[in-house]
Amino acid sequence: MDFKLEIAKAIGKASSLDYTEVLSGIEIPPNSQMGDYAFPCFRLAKTLKKSPQIIAQEISQNIIKPDFIERIEIQGAYINLFTDKENFAKEILKEVLNKKETYGSDTLGNGKTIVIDYSSPNIAKPFHVGHLRSTVIGNAIYKIHEFLGYDCQGVNHLGDWGTQFGKLIVAYKNWGSKTAVEEKGIQELMRIYVIFHDEAEKNPSLEDEARGWFVKMQDGDSEALELWKWFYDISIKEFDRVYKMLDVEFDAYTGESFYNDKMAAVVKELKDKNLLQESEGAMIVDLEEEKMPPCLIIRKDGGTLYATRDITAALYRKNKYNFEKCLYLTALDQNLHFAQWFKVIEKMGYNWSKDLVHVPFGLVSLDTGKLSTRKGNVVLMEELLNQAVKETAKIIEEKNPNLPNKEEIAKQVGIGAVIFNDLYNGRIKDVTFSWERMLSFEGETGPYVQYTNARACSVLKKAENFNLNEIDYSVLKDENSVEVLKLIYDFPNKIKEAANKYEPSMVSRALVDIAQAFNKFYHDNPILNSEENVKNARLAIVLSVNTVLTTGLKLLGIKAPEQM
RNA sequence: GAAUCGGUAGCUCAGCCGGAUAGAGCAACGGCCUUCUAAGCCGUGGGUCGGGGGUUCGAAUCCCUUCCGGUUCACCA
């Protein structure tokens with residue numbers, strides 16, 4: 001039941017106001033002594049030409065109290081409503097225990113497809129902490145939307161095309177060797193790539209040579225493409241190791257190269273629509289009216305650019321998926337790029353340009369400065385995950401040495417900590433990578449939530465069989481129980497809000513809130529040693545918390561071990 | 001210079017479609033394990049919500065202005 005909506009309807013009737021208007025005014029008081037819901041009447045004073053206190057009085061006198069409301073109090077201009085705690089507990093627990101792992105899910109996305117472009121690392125470059133955000137935020141947004149009924153299509157738009165491969169080919173021919181690349185993989189590709197940049201500073205003709213090789217790739221030159229494919233395969237193999245650790249999957253690996261043979265048609269379309277013009281030898285779409293720099297489509301040497309491929313990919317995706325929304329999970333520094341080519345799509349006459357959404361996140365840096373693969377200022381993803389698992393294993397050895405299946409649990413908790421850490425703050429915030437923060441397992445962290453859940457599981461296991469058919473809800477009126485129940489009740493809203501805002505942190509925050517409330521409840525209320533009716537009622541709460549935490553962690557792409 | 005994102009406790013951040021005493025975690029200090037997992041719980045200290053104006057019955061929240069920091073701005077992605 002939507003309590004807020006029912007209250008709004010009741011107040012609407014009592015005041016002859018439209019209930020949707022009332023609904024937006026209903027709020028949750030800062031503490032529960034003031035009530036569970038409140039409706040401030042200040043706003044009505046002007047239109048009704050009465051003091052807000054009097055309005056509050058009048059409404060409260062006329063209101064027909066819904067069943068779940070125990071009493072109504074007036075405090076100044078506030079109408080404070082107190083829920084009947086027994087009924088409240090009953091409504092919520094029944095719903096969670098019935099729906100189980102589907103509690104919080106929805107059908108609102110049924111029949112709608114949402115394409116999510118995330119992770120998208122560059123081939124031939126190591127997978128480092130800079131790629132973590134796009135990967136885990138995208139994955140969480142995927143799972144959250146899926147839970148709400150959407151058909152999600154996760155696309156890994158690999159950076160597998162572009163001048164950098166021309167550079168790599170030049171580098172390989174000059175300073176590389178087959179055996180070294182076969183032995184050391186990306187590391188070796190990276191090494192020769194760095195050499196290229198150093199050498200190109202002294203000898204700029206190398207850049208032209210690199211661009212030349214890229215043009216050859218575009219034209220289908222077999223030598224160029226064979227080398228490219230080789231680099232590609234080596235890279236994918238390494239990326240897959242990381243994706244497996246993070247338990248992230250994609251529906252498509254259509255990277256930039258996939259669009260090589262599809263761009264000409266798009267360029268022609270731009271030309272036919274009179275959007276393309278020459279400038280300084282390059283072909284651009286002018287965006288002066290939009291107060292943006294021009295969008296580069298074709299370089300003066302004929303090469304295509306990032307925007308060309310993004311535009312082509314968008315048209316392809318619209319055609320293939322007929323998406324409701326297409327999301328792009330990239331760092332904030334690409335704002336302009338997306339604004340530009342979204343505008344180009346609009347100018348092409350596609351009204352679905354409004355369905356293209358850049359979902360940006362803040363930049364990651366190290367305390368030693370900006371991330372730079374070339375300068376070697378990076379933390380590799382595998383190194384981070386392995387370290388987190390190692391650290392977790394140490395803690396398990398300390399705290400729970402008899403834990404079965406230790407290695408697996410260490411992985412679930414260690415990697416969960418890394419993922420949760422990234423998903424806990426608003427995505428727009430810049431982050432400075434810190435080992436200390438990554439490997440802290442106390443307080444607002446993934447392990448804290450997992451640990452809370454493991455405690456709940458442990459109680460449930462020890463309870464063996466218990467009766468959830470006849471629960472005495474009257475024993476759940478204490479403050480701790482009510483607090484847990486309120487948060488569980490609100491959880492489905494948090495999921496929807498997270499989807500609307502493309503903000504997984506709404507879910508992670510909700511999980512920490514629930515975990516905190518539950519730990520307090522757990523600490524203060526004996527469960528298994530209580531009388532039968534109390535025990536069963538409290539176990540219903542424990543089971544509900546277990547259900548919600550497991551669901552929430554799953555939505556974030558984090559495992560919920562039953563023991564740790 | 002223009003655009004864009006940030007500025008809330010020592011640190012990391014919530015709160016920002018206006019509402020009742022501004023919240024967490026970490027760090028510091030002090031308590032709680034013969035009872036369901038102490039990766040936990042409780043308590044103490046800690047704030048000119050960057051500054052200044054304005055709108056409003058009411059502003060951390062909206063508007064203007066200003067300062068500080070990040071990022072981007074033509075052939076990289």
Side-chain angles (χ1 to χ4, degrees), chain A residues 24-25 27 29-31 34 38 40 42-43 45-46 51-52 75-78 80 120 122 125 159 161-164 167 211 256 279-284 291-301 303-307 309-310 330-337 339-340 360-363 365 370 392 395-396 398-400 403 413 417 421 424-426 428-432 434 436-437 440-452 454-463 505-506 509 512-513 515-516 519-530 535 538-539 542 563-564:
Chain A
S24 66
E27 47 191 66
N31 73 59
M34 292 168 154
F42 301 102
R43 236 177 273 171
K46 242 179 206 165
S51 86
Q75 232 172 80
Y78 287 91
N80 291 334
S120 310
N122 290 330
K125 287 191 186 172
W161 204 245
T163 314
Q164 76 265 31
K167 294 180 184 176
R211 277 192 274 266
E256 297 190 77
S279 170
E280 298 173 32
M283 299 303 281
I284 64 161
K291 292 186 174 145
M292 281 189 262
C295 184
L296 273 279
I297 303 294
I298 305 281
R299 296 193 315 227
K300 64 179 163 213
D301 66 0
T304 56
L305 287 136
Y306 190 31
R309 296 188 278 276
D310 271 344
T330 83
L332 188 58
D333 58 4
Q334 292 187 31
N335 262 355
L336 179 61
H337 164 73
Q340 284 176 309
F361 49 83
L363 270 63
S365 57
K370 274 170 87 169
T392 308
I395 294 172
I396 290 175
E398 232 172 73
K399 304 198 185 247
N400 200 355
L403 181 71
V413 175
N421 179 270
Y424 192 61
N425 289 336
I428 206 70
K429 296 270 180 184
D430 287 345
V431 292
T432 305
S434 141
E436 195 194 328
R437 236 172 287 141
S440 88
F441 300 150
E442 285 165 27
E444 299 164 330
T445 65
Y448 173 80
V449 176
Q450 289 173 317
Y451 175 77
T452 306
R455 276 177 138 182
C457 288
S458 172
V459 175
L460 293 170
K461 201 173 168 193
K462 286 192 175 149
S505 65
M506 308 273 340
R509 299 255 163 197
V512 167
D513 289 344
Q516 283 174 338
N519 280 324
K520 196 178 274 192
F521 165 89
Y522 175 94
H523 184 267
D524 292 355
N525 298 326
I527 300 161
L528 300 176
N529 298 327
S530 309
K535 184 178 111 176
R538 287 183 179 162
L539 280 168
V542 177
Q563 285 182 68
M564 65 184 267

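Lettering follows sequence order; numbering is per chain, from 1. Every value quoted in this text rests on a predicted model; they were computed, and no experiment measured them. Any value given below was found using the heavy atoms of this structure, including those in side chains, with hydrogens, waters and symmetry copies removed.
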Q: Under a 3.5 Å limit for both distances, which nucleotide forms a Watson-Crick or G-U wobble pair with B:C49, could you say?
A: none
Q: Measure the OH-CD distance between A:Tyr306 and A:Gln340 for me, rounded to the nearest 0.5 Å.
A: 11.5 Å
Q. When we call it a touch if two heavy atoms are under 4.0 Å apart, what does A:Glu280 touch: a base, just sugar-phosphate, or nothing?
A. base
Q) Checking all strands, does A:Arg43 fall into the base, sugar-phosphate, or nothing category for heavy-atom contacts under 4.0 angstrom? A) base
Q.
Would you measure the distance from the P atom in B:U8 across to the matching atom in B:U61 and give it in whole Å?
A. 14 Å
Q.
Say we look at B:G46 and B:G10: how far apart would their P atoms be, to the nearest angstrom?
A. 11 Å
Q. Between CG of A:Leu363 and NZ of A:Lys370, what distance do you get to the nearest 0.5 Å?
A. 8.0 Å
Q) Among B:U35, B:A39, B:A77, which nucleotide sits nearest the side chain of A:Glu442? A) B:A39
Q) Across the strands shown, which category fits A:Tyr448 at heavy-atom distances under 4.0 angstrom: base, sugar-phosphate, nothing? A) sugar-phosphate
Q) If pairing requires Watson-Crick or G-U wobble contacts with both distances under 3.5 Å, which nucleotide is the partner of B:G23? A) B:C13
(Q) Over all strands shown, is A:Asn80 touching base, sugar-phosphate only, or nothing at heavy-atom distances under 4.0 angstrom? (A) base
Q. Counting any heavy atom closer than 4.0 Å, what does A:Lys462 reach on the DNA or RNA strands: base, sugar-phosphate only, or nothing?
A. sugar-phosphate
(Q) Which nucleotide, if any, forms a Watson-Crick or G-U wobble pair with B:A2, using both distances under 3.5 Å? (A) B:U72
(Q) Using Watson-Crick or G-U wobble geometry with both distances under 3.5 Å, which nucleotide pairs with B:U44? (A) B:A28
Q.
Would you measure the distance from the C1' atom in B:U12 across to the matching atom in B:G30 and give it in whole Å?
A. 24 Å
Q.
Counting only side-chain heavy atoms from C-beta out, which of B:C42, B:C36, B:G40 sits nearest to A:Lys520?
A. B:C42
Q: Drop me the distance from A:Tyr451's OH to A:Cys457's SG, to the nearest 0.5 angstrom.
A: 12.5 Å
Q) For A:Lys535 and A:Ile527, which heavy atoms make the closest approach, and how far apart are they? A) CG-O, 3.3 Å
Q. In B/S/- notation, 5' to 3', how is nucleotides 1-13 of chain B contacted by protein heavy atoms closer than 4.0 Å?
A. ---SSSS----SS
Q: Would you state whether a donor and an acceptor, one from the side chain of A:Ser279 and one from the base of B:A74, lie under 3.5 Å apart?
A: yes
Q) Where the side chain of A:Tyr451 is concerned, which of B:A74, B:U37, B:U72 is the nearest nucleotide? A) B:U37
Q: Could you please name the option among B:C36, B:U71, B:C41 that lies closest to any side-chain atom of A:His523?
A: B:C41
Q) A:Val413 near the nucleic acid: base, sugar-phosphate alone, or nothing, with a heavy-atom cut-off under 4.0 Å? A) base
**Q.** Partner residues of A:Glu444 under the salt bridge (charged side-chain N to carboxylate O under 4.0 Å, His left out) criterion, sequence neighbours left out
**A.** none
Q) With sugar-phosphate meaning primed atoms plus P, OP1 and OP2, does A:Met292 contact a base, only sugar-phosphate, or nothing at under 4.0 Å between heavy atoms? A) nothing
(Q) Show, in sequence, the C-alpha distance, side-chain angles and deciding distance for A:Leu539 and A:Leu460, and conclude whether the side chain to side chain contact (heavy atoms under 4.5 Å, CB included) test is met. (A) CA-CA 7 Å; A:Leu539 280 168; A:Leu460 293 170; 4.1 Å; yes
Q | Inter-nucleotide P distance (B:A9, B:A14), Å rounded | A | 12 Å
Q) When you check the glycosidic angle of B:C26, does it come out syn, meaning within 90° of 0, or anti? A) anti
Q) Reckon A:Glu256 touches a base, only the sugar-phosphate, or nothing at all at heavy-atom distances under 4.0 Å? A) sugar-phosphate
Q. Within this structure, what is the CH2-to-C1' distance between A:Trp161 and B:C76, rounded to whole angstrom?
A. 16 Å
Q. When the P atoms of B:A60 and B:G52 are considered, how many whole Å apart are they?
A. 12 Å
**Q.** Any N/O donor-acceptor pair, A:Asp310 side-chain to B:A77 base, under 3.5 Å
**A.** no
(Q) At 4.0 Å (heavy atoms only), tell me whether A:Glu436 reaches a base, stays on the sugar-phosphate, or touches nothing. (A) nothing
(Q) What's A:Lys461 touching, base or sugar-phosphate or nothing? Going by heavy atoms closer than 4.0 Å. (A) nothing
**Q.** Among B:A74, B:A77, B:A39, the one nearest A:Asn122 by side-chain distance
**A.** B:A77
Q. In whole Å, what separates the P atom of B:C16 from that of B:C62?
A. 10 Å
Q) Which value, rounded to the nearest 0.5 Å, describes the distance between A:Asp310 atom CG and A:Leu305 atom CG? A) 11.0 Å
Q. Rounded to the nearest 0.5 Å, how far does NZ of A:Lys429 lie from CG of A:Leu332?
A. 12.5 Å
Q: Using side chain to side chain donor-acceptor pair (under 3.5 Å) as the criterion, list what pairs up with A:Ser365, not counting sequence neighbours.
A: none
Q: Please state whether the phosphate of B:U37, meaning OP1 or OP2, lies under 4.0 angstrom from any side-chain nitrogen or oxygen of A:Lys399.
A: no
Q: Rounded to the nearest angstrom, tell me the gap between atom CZ in A:Phe441 and atom P in B:A38.
A: 19 Å
Q) Contact class for A:Glu398 vs. all strands (heavy atom < 4.0 Å): base, sugar-phosphate, or nothing? A) nothing
Q) Looking across every strand, which nucleic acid part, if any, lies under 4.0 Å from A:Pro526 by heavy atom: base, sugar-phosphate, or nothing? A) base
Q) To the nearest 0.5 Å, what is the distance between CD (A:Glu256) and CG (A:Asn122)? A) 7.5 Å
Q.
I'd like to know if the side chain of A:Asn519 pairs up with that of A:Tyr448 as donor and acceptor (distance under 3.5 Å, no hydrogens or angles considered).
A. yes
Q: Describe the nucleic acid contact of A:Leu305 in one word from base, sugar-phosphate, nothing, applying a heavy-atom distance below 4.0 Å.
A: sugar-phosphate
Q: Scan every strand shown for a Watson-Crick or G-U wobble partner of B:U56, both distances under 3.5 Å, and answer none if you come up empty.
A: none
Q: Tell me whether the OP1 or OP2 atom of B:G40 has a side-chain N or O from A:Arg455 closer than 4.0 Å.
A: no
Q: Rounded to whole angstrom, note down the C1' distance from B:U56 over to B:G70.
A: 34 Å
Q. Say you pick atom C1' in B:G18 and the same atom in B:C49; how far apart are they, in whole Å?
A. 15 Å
Q: Looking at every strand, decide which applies to A:Ser458 at a 4.0 Å heavy-atom threshold: base, sugar-phosphate, or nothing.
A: base
